[in-house]
Q: 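First the structure, then my questions, so here it is.
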Amino acid sequence: MNKIIYNYHTHTSRCGHAVGLDEEYVIKAIELGIKRLGFSDHIFFPGLSQKGVRMNEDEVDGYLKSIHQLKEKYKDQIDIKVGFEAEYLPMFIDEYKDLVKSGKIDYLILGQHFGQFANKIDIYKEDVIRYALDVKGAISVGIFTYIAHPDHFLLGVKKWNENCEKAVRIIMQACEETGTPIEINILGIREHRPYPSKELFKISKEYNVKYVLGVDAHKPEDFNQKDIDRAFTFLKELDIDILNLKI
Ligand SMILES: [Zn+2]
Ligand SMILES: [Zn+2]
């Protein structure tokens with residue numbers, strides 16, 4: 001049977017578009033045989049609210065407390081960590097660096113869903129080179145444990161084109177140089193999104209990069225064997241091995 005022993009990409013209902021109790025995620029992960037579970041809900045924007053997308057800053061303490069309680073309660077069955085999935089946004093990056101330094105969280109993963117955030121979200125659309133340069137910029141900051149869905153930019157692209165390949169090469173080069181792993185995103189498989197992209201992962205094999213699987217759970221039942229099997233089919237087709245990541 002195909003098995004995953006860790007998953008560091010788990011959301012909670014605080015983001016406003018995930019459902020279920022924190023504990024239900026833990027129970028489902030244990031049932032699936034996961035040994036190391038990381039919560040990485042969408043990070044808050046300091047001083048700003050983005051309803052339905054992420055928790056507010058005043059919910060952070062409750063989030064950390066809840067996960068720490070579960071860590072203690074289930075410590076004999078599963079090793080629980082807590083962090084965030086964060087965009088690399090220059091306006092917030094210093095606060096995120098401080099958060100990592102504070103020791104309150106165990107890790108950050110990069111989820112570059114958009115570039116700037118002012119009054120409205122700036123999504124990349126066809127400007128995939130800018131996406132790649134932002135991911136490269138994020139990597140250079142040195143606070144991200146891995147890159148979630150490095151192919152997320154494909155949501156804004158009508159058709160794979162030569163700029164997509166250029167963008168992928170920029171990202172892979174940066175990942176190779178820094179030893180930053182990239183994620184094969186199981187939510188993308190589950191929802192038939194344009195990612196994970198075979199084109200991207202084929203190119204990635206020309207580089208010395210490491211791979212992780214991320215469930216990207218938004219409901220407890222996202223921890224299920226059927227999705228794991230589909231992810232392993234993807235891995236097999238591309239002849240990709242998964243890194244044994246331990247945070
Ligand atoms: Zn989400
Ligand atoms: Zn994401």
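Only this structure's heavy atoms are used, side chains among them; waters, hydrogens and symmetry mates stay out. Counting convention: from 1, in listed order, for ligands and their atoms alike.
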Q: With His11, which residues qualify under ring pair (Phe, Tyr, Trp, His ring centres under 6.0 Å), at least two apart?
A: His9, His42, His218

Q: Is the side chain of Ser40 donor-acceptor paired with the backbone N or O of Gly83 at a distance under 3.5 Å, no angle test?
A: no

Q: Please tabulate, for side-chain N and O atoms in residues 236-247, each donor-acceptor pair with protein atoms closer than 3.5 Å (sequence neighbours left out).
A:
residue : atom : partner : partner atom : Å
Glu237  : OE1  : Lys198  : NZ           : 2.6
Asn244  : OD1  : Arg36   : NH2          : 2.6

Q: Is the distance from the Zn ion (ligand 2) to some N, O or S atom of His152 under 2.8 Å?
A: no

Q: Go through it in stages, so that I can follow the logic: the residues are Cys15 and Glu85, the test is side-chain contact (heavy atoms from CB on, under 4.5 Å), and I'd like the CA-CA distance, side-chain angles, deciding distance and then a yes or no.
A: CA-CA 11 Å; Cys15 67; Glu85 177 183 20; over 6 Å; no

Q: Which residue pairs satisfy the salt bridge (charged side-chain N to carboxylate O under 4.0 Å, His left out) criterion with at least one member in residues 168-183, sequence neighbours excluded?
A: Glu165-Arg169, Arg169-Glu206

Q: Would you call Tyr195 and Leu155 a side-chain contact if the rule is heavy atoms closer than 4.5 Å?
A: yes

Q: Under 2.8 Å from the Zn ion (ligand 1), which protein N/O/S atoms are there?
A: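 His17 NE2, His42 NE2, His218 NE2, with waters left out.
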
